[in-house]
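Report on the following structure.
Side chains are part of it too, since the values below use all heavy atoms of this structure and drop only hydrogens, waters and symmetry mates. Here the structure is a predicted model, which means the values were calculated and not measured. Residue numbers begin at 1 in each chain, while the letters A, B, ... track the order of the sequences.
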Amino acid sequence: MLDLVLFLPLIGFFALLALPDTVSRKAALAISLVVFLLSLGLIGPVTANPGEYSFVINATWIDYPPIHYHVGIDGLSLWLVILSTLLTPIAILVSWKYIDHRVKMYYAFLLLLEFGVIGVFASLDMFLFYVFWEVSLVPMYFLIGIWGHERRIYAAVKFFLFTMAGSVLMLAAIVYLYNLTGSFDYATILDQLQSGRAVLTAQAQTLLFLAFFFSFAIKVPLFPLHTWLPDAHVEAPTAGSIMLASVMLKMGTYGLVRFCLPLFPEAAHKHAPWIAGLAVVGIVYGALVALVQPNMKKLVAYSSVSHLGFVVLGVFSFTQAGLDGAVYQMLNHGVSTGALFMLVGFLYERRHSLEISAYGGVATPAPQLAIIFLITTLASIGLPTLNNFVGEFLVLQGAAQANFSWVVFAAIGVILSACYMLWLYQRTFYGRASHDLAHHMPDLNQREWIAALPLLILMVWMGTYTQSFMPPISAQNARILEKVNKGGTALAKTPTQAPAVKEVADAR
Amino acid sequence: MPVSLPTSAEYFRFLPEIILTIAGVLIMFLEAVLDEDRKSIFGPFSLVALALSMGAAIAASSDPGTAFSNMLIIDGFGSFFRVLVLVVGILAVFSSMEYLARERANGGEYYALILFSIVGQCIMVTANELIMVFIGLEVSSIASYVLAGYLREDKRNNESALKYFLLGSFATAFLLYGVSWIYGVTGSTNLQLIRQSLEGAGAPAVAVTGAAAALMFVGLGFKISAAPFQVWAPDVYQGAPAPVSAFLSVGPKAAAFAILARVFMTAFGPISARWEPVFWACALATMIIGNFAAIQQTNIKRMLAYSSIAHAGYVLVAITANSGIGSAAVMFYMAAYAVTNIGAFAVVAHVARKGEKYVEIEDFAGLGQRMPGLAAMLTIFLLSLIGVPLTGGFFGKFYIFKAALDSHLNWLTVLGLLNSAVAAYYYLRILVVMYFKEPGESTADLQPAGATLSIAVYVCAIGTLVLGIMPGWVLDLANKAALK
Amino acid sequence: MDALLFMLFAAIAVVCGINLVIQTHPISSALSLVGVMAALAALYLLLGGEFIAAAQLVVYAGAVMVLFIFVIMLLNAGTEHKVKKNPWSQYAGIPMLLLFLGIVACLVQQMFPSTESVSFGGFTKGGPLEIGRALFTTYLLPFEVTSVLILIAILGAIVLARKEID
Amino acid sequence: MQLWLIPLFPLLGFALNGIFGKKLSKPAVNGIACGSVLLSFLWVLKTLNALGVFSGGNALEETYKEQYFTWIQSGMLNIGVDFAIDRLTAVMLLIVTGIGSLIHIYATGYMAHEGGYYRFFAYLNLFMFFMLILVLGANFLLLFVGWEGVGLCSYLLIGFYFLEKFASDAANKAFIVNRIGDFGFSLAVFLIVIHFGSLDFTTVFEKVKDMPIETTAGWMTAISLLLLVGACGKSAQIPLYVWLPDAMAGPTPVSALIHAATMVTAGVYMVARSSQIFLHSAGALNIVAIVGVLTACFAATIGLTQFDIKKVYAYSTVSQLGYMFIGLGTGAFSAGIYHVMTHAFFKALLFLGAGSVIHACGGEQDMRKMGGLRKYTPITMYTLLAASLAIAGFPFLSGYYSKDMILEAAYEHAPWMYWVGVITAGMTAFYVFRAFFMTFMGEYRGKQEAEAHGHGGHAAKAHDDHGHDDHGHANDDHGHGHHGEPHESPAVMWIPLAVLAILSLIGGWAFNIPKFLEPIFPLHEGEAEAWLTYVSVAFGLGGIALAYVMYVVSPGMADGIANSLRGLYTLVYNKYFVDELYDSVVVEPMIDGSRIFLWRVVDARGIDGVVNGAGKTASALGGLLKRLQSGSIRGYAAWVVAGSLIVIAIIGVRNSGLVETLMGGLR
Amino acid sequence: MPPLPLPPTVPISWYLTLSAILFSLGIAGFLFRRSIITVFMSIELMLNAVNLSFITFSYKLKQVDGHIFSFFVMVVAAAEAAVGLAIILTVFKNRQTLEIDELDSLKN
């Protein structure tokens, strides 16, 4: 099953290159839909046993050094994989009319990207992880570079170099771990480190942690490593932005949760204060800068910086709530920011401008678009009953348990998110539409509705009935935390308050 | 003095070189005899010779041992490189045929020179004696000098050849001076004997041997274009015909790396504490000079030349590691680099067209649209040069830095990896131009590549991918053949 | 006597060497080089290298240098022009050379203190017999391979100096 | 008991109208909208009846709770979607659904000619849904859901006329200011989880009871104050009141329902709900009271000078909310809730009446262009009179009871609060009756202009009259009708007015809320001093009298006073320039700082500067390195020599004693 | 004439030093001469210095191998001379100059 989910996009990539341009988008859509449906089959077994890896395949790839094709899905990666498989057909649908040159390459790259990101989430071998990590880079580079806007080259190169600069350090760290443990297998390495069979000095642990951390932090992106993101988003085509924001950024946060924390718990604890500090700065900073962007995509991009600050904050709170919230927030951000980019793309297809000032009064000619945009906006600013609220609440709750002062500042980001999103909405949709604008602004068509609807449903679903999604995440996070907080250092660091925390909670 | 004649086994171990030499001589003979219009057989003929030679080399690898009074040693390491340079030769011939026809220079001499040059490289990689190192080096080099200036009407070719020749001979003089000192101190030019002699040597002897090793490093470092002896490489690669540049940047280089690794790891093993720091610094300087200077290049051949300097830096990292893994990494990397770089140069040679008119990076604008297949192949090569996974370049780099970390060269690893990130920038520029820019007049009348060039390009691409996806095949060989 | 001969030929070699470097006309330099070679041939004899001394005179000073002079004449190479471009070697050359020489000389002093000295006849195995035997036994392979080298030289000369390629 | 049906009806109404409303006929939309709320109201009645509330006795002294499903579960934290009902909730439910029903009915008439009709009712139903969630929610987070949800609906409805910038500005302002309040609320929630491990009301309050005040006062105060921040946002208290006057940009029924009767009292409800926590922190309670006093007085002074009828009532709302906070802060929680109810009656009525007046005048909101309406709209006049008397604290009307209780509690808490409250009561009476007199007495002043300019010019006129800062007028509120003369509203509008008028008159003594809430908020022991009541009534009557003198007996007098106190008048008329202050102290520095400093300097020059600088440095280094390749063979040879020297030096000379030898040789 | 202050025989190090001096002179010729042919001859001078060194060591070690080595050096030098002079010929044909500094069109 996982094999199919993983390799069908790759097969699709080659198939598309072989097929003529005319059928490529239909073929791509069909393939991605099949992949999505297949990926739904992952849910049952994984949720049944979320703490363990399901669908494990462990085949030798290279004998020496022992590199294995070792993949599997657990509660942490399950939804991220499904998010990827869901967003790919949506991205294809969104591009349906927009992409008019080098069509088959475009869809082929989208499928290759899907292959890469699913691989990242499914890899249980560090080397394999790195391979997929890099492989996912290439199609995105081309997506931005070929089908992007005016400054696409700068953006594409910047994107590639930033990520590359981070990932080489990760490679060094992976190799170092291999030399230490003789294995690339994540579970083996983890086991050896946990059991003390492989011993890292404090300095080595710190350096390794930082190597991993920086490569992930660039991808996240964490302030102040974020400047590639606005450029990449602004220049990328709509589908590129969707995949970038929804899936690729999650690779970074996923890496933090999957690798940084369990492998180097002491270092993670030691460095958590400034990392969380950066996360908080990022939350506020991203929001403030988003506030003053004249360009919609840039605005949404900076809002991503802000939102992902929450994720990082949650991760480095080392609390169950924080971690659960962080993972949930990854999904939420994927859904709602993906939708935002999609909607901005719809606007762009109609008006061919990303400047907010080119719009105004769109709600009159295109009320349906306005409504969807509004719902997405509300999701993005964390309105309860919509998805982001749950994630932000848990993150902040967890962070509050770790250090209340972080939360005081982070919560300012929540205020600011309302400011920039509503202001954007006001400037774009409210007011009177000029004649010219109204003329170019047909309401949503059926295809666009089909693309948008799943995300809208998810926003509400994930906001109201979290139990459909949360249990596997929670279960796996609990296991991670068990490893990370072995010394129980996280909660002990909050001496001010803690009388009731450890009591059994709500006895409803 | 009892005279022992070489045994048949020894001849068998030397058979590849013999085959090539005979083929070279035959070509020279036929060149004089054949009509003009039949001279196109030289290419295929030399391919057959190379293939036969490769068969012989593979066969010989099953019967390792020394030959001709310890002059040669046919061990795994040597065999690996011998096969590698033969593969390089085959690919070089494939990528040259069309070029030569286009430049109306499809003479037999070219192939003969390639074959002789490969003879020299084969001798180098299996040399067990400094004298064989020297002679092999000279055979390879003198043929290379001529090849670099092969199109003698072309001023760039002239200058390239002259620079290569003068500086090459200059560096060789240093090498020889070093050899003479080594001979003087250790009383031998046999690698094993040198090692033995050094193992119990006193301080002055070690110091002088060190200085001699340094002089040898000047000569060999020159051939591999290690900093600060890299200066010639950009000029020569830029000026030489593109297929020759391709050949020069991998063939002699692979051989020189092989002999560098062998001499320093075996013969100078006992004084490794002395030369490792030098290699460390040279590796770093080479990477930095190669990568950073490449950023500024506009000529693609020159850029690839700087890139080849940078890659020499990576390989030097592996030699600095001075371990079995290190030598395996050298082997694997050179293999991956060979297919990648020949492929890249082959594409460049095709796009450059007659007289190498279009060798600026900007001339590749829109190649992705005009020639999607060729562009895709060049993309694979460039990604491999960057070191993106699933290409040979990545795995090679991975293995090199693994070796380096194994030998606790932590900082060199980090700096090297950062260098490879910098390198991404200039390779990406070609991708940018190729895919993100609209085609201009430079690619307007570009014809599809012919059969032989296509074979070269596609084989290189497949090789690059196979080395990236299934590195195990070559890596196993390399690990078994490791020097230590 | 040995010392006197050494001093004599060494002086000739050095003076000719210096002359090679300071002369601006290639012919002068070439003749200086011949002088160096001749002086060295004498020194080889002192060191017991009969065969090599002969080869030095016949092959080197004779054949090779004749080739040089032939080319100089052929190209009608004249005096060097006045320097227009000054590569940095012009300035850094002398200090670097002195340093190089200094290091090497020091190493020589350190490695080979003046205890052992050269006397004519101290080594007598440098005759044709010994050389020939070594060449055709131990050094058979390099000897044969040099034939390839010569072949390449011929080929190279043909390629580069042939009248027209087609 | 199916508590979930209560919010479900409006939600269904929202869904139906929202999705299909465009295709439905107006009566169908009306039917769905009003029907769903009415059903909800009836279900509330049925539920309460089933719980025995109407039979008196001890019914519902214990909380009745229903649990549906887990909403958020993480580790030990488990937050369910649970509804609970106790007496406080019962009161709120009745207010919300009862008043809500009336206003829905009214709105069908008021909005009859508006575009986006279905949209309006969909939003209104959604509001009802969230308000009911807010009231019914059995834990802080569910309360927060409703809290944010009503904020959203408020945003949507204020921005209902989104074609106009002032409407969308006001909407944004409302939402964002509320967000600032929510900031405090959410921090409080986090602290509650940290300290109680739960958000469930019963669990939390049980635990609070057992906690000693001495050791917990610190963080209890923190939680209380943070909750207060939230309440200040939602209930428009200083310093976060600024959004409410602007919120009048929404249609009048919205002002009545959301910005007078229900949503804005959510803060009061929340503080009352958390009374256990507040009771653990005397300091926090005191601050609540102080905020209330200041707000009440401050808003009343602004109300004195406004000419926009809805603005007057808006500031009045702020002021009355202040009273409620005084009640809460002085420990008289039930008095606060009592006032919530009576205020819901009379303030809803005031707004609906104002709506009727505006309707009658064809969209005019400026009282200076009204006058003499008693001839045209008698029903409206009498209902408004009832409401005005009620708010003025006329004895035995609804406002009298609740306000009195609050003031008594205030006197006990701190006499100065009582005196400020009483003065405010006087001002309240004055400005309410000022509005009443200006509207209904004298001669109609709007006719000529209305005819001269038509309705299209309203916005411009209003701007001329009110100055640039006056965002709140909603003249486009009422785009329909080109009436030559004012006219009475249709029955569907005045019947709700009548019902509310009756409630305003008798609601005070008919529903003895403090008694009903006694199980939750024990009544204060002992009798209050009688003179307190007399004084407050006197002030109220005095205010009415003053208004009568100034606006009926000698109409020029007001202008005279205004002229003689020009500076003060300008200050008050312009609402103390608080909006301007916030703009220049918070908003503009933030925006400019973000744009100029964070974006242009930190991001573009700082971070990207470093990044691009690194690129440039690399490039420059490349430029430098490539110049090594001078092309000169001799230069290259020099490099080889130099390199060989270095290499020899490192390999050969290092540690060889050679350096020592050389040095020795020099010596 | 006073007797020269010379020992009857000279130490090996003198030969080696002479070799070093000649080698350095060769380098100097390469660095300072501007005629391509002279530069090439400087290389020959360096090779000669190397040969002297080999033969000296051969004397010291009492082995013939050094002689063999220098023999090969001579052969190689001859081959190099043939090819090198041919290259110089082509350069001259194309550029009509033997100034080494004028061959710097390939650079940076």
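- You'll find the side chain of A:Pro65 reaches within 4.5 Å of the side chain of B:Leu475, heavy atoms only.
- Across A:Ala165 and B:Ala421, no two heavy atoms sit closer than the pair CA-CB, 3.8 Å.
- When each of A:Ala172, A:Ala173, A:Gly166 is scored by its heavy-atom pairs under 4.5 Å with chain B, the top score falls to A:Ala172.
- Here the closest heavy-atom approach between residue A:Ile62 and residue B:Gly472 is recorded as CG2-CA, 4.0 Å.
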Derivation and outcome, side-chain contact (heavy atoms from CB on, under 4.5 Å), residues B:Val388 and A:Leu137: CA-CA 9 Å; B:Val388 171; A:Leu137 198 60; over 6 Å; no

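- Residues B:Leu390 and A:Val131 form a side-chain contact, since some pair of their non-hydrogen atoms from C-beta on lies under 4.5 Å apart.
- Using a 4.5 Å cut-off between heavy atoms, B:Asn479 touches chain A through its side chain atoms alone.
- A distance of 5.0 Å separates NZ in B:Lys437 from CD1 in A:Ile153, rounded to the nearest 0.5 Å.
- Between B:Phe398 and A:Ile174 the shortest side-chain heavy-atom distance does not fall below 4.5 Å.
- Atom-to-atom distance recorded for B:Asp406:CG and A:Tyr178:OH is 8.0 Å, nearest 0.5 angstrom.
- Within 6.0 Å of the OH atom in B:Tyr425, the count of heavy atoms belonging to other residues, nucleotides or ligands does not exceed 12.
- With A:Asn179 contributing its side chain and B:Lys402 its backbone, the two residues share a donor-acceptor pair below 3.5 Å.
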Apply ring pair (Phe, Tyr, Trp, His ring centres under 6.0 Å) to residues B:Phe394 and A:Phe127 and explain how you reach the verdict. CA-CA 12 Å; B:Phe394 165 71; A:Phe127 188 90; 5.6 Å; yes

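- Between atom CG of residue B:Leu418 and atom CG of residue A:Leu169 there is a gap of 5.5 Å, rounded to the nearest 0.5 Å.
- Rounded to the nearest 0.5 angstrom, A:Met164 CE and B:Leu417 CG are separated by 8.5 Å.
- Put simply, the side chain of B:Leu428 reaches to within 4.5 Å of the side chain of A:Leu161, judged on heavy atoms.
- Atom CZ of A:Phe160 sits about 8.0 Å away from atom CG of B:Leu431, to the nearest 0.5 Å.
- Proximity to chain B (any heavy atom under 4.5 Å) is restricted, for A:Ala156, to the side chain, taken from C-beta onward.
- Between A:Tyr141 and B:Tyr435, the ring center distance fails the sub-6.0 Å criterion.
- No side-chain heavy atom of A:Val168 sits under 4.5 Å from any side-chain heavy atom of B:Phe401.
- Residue contact with chain B, scored on non-hydrogen atoms closer than 4.5 Å, involves the backbone and the side chain of A:Phe142 alike.
- Within the 4.5 Å cutoff, no side-chain heavy atoms of B:Pro389 are placed close to those of A:Phe132.
- Each of B:Thr413, B:Leu405, B:Ile400 was scored for a side-chain contact (heavy atoms from CB on, under 4.5 Å) with A:Val175, with one residue passing: B:Leu405.
- Proximity to chain B is absent for every atom of A:Leu17, based on heavy atoms less than 4.5 angstrom apart.
- Around NE2 of A:His149, the count of heavy atoms belonging to other residues, nucleotides or ligands within 6.0 Å exceeds 12.
- Side-chain atoms of A:Trp61 come within 3.5 Å of backbone N or O of B:Ile469 as a donor-acceptor pair.
- Both the backbone and the side chain of B:Ile386 come within contact range of chain A, each with at least one heavy atom under 4.5 Å from a heavy atom of that chain.
- Using a 4.5 Å cut-off between heavy atoms, B:Val432 touches chain A through backbone and side chain atoms alike.
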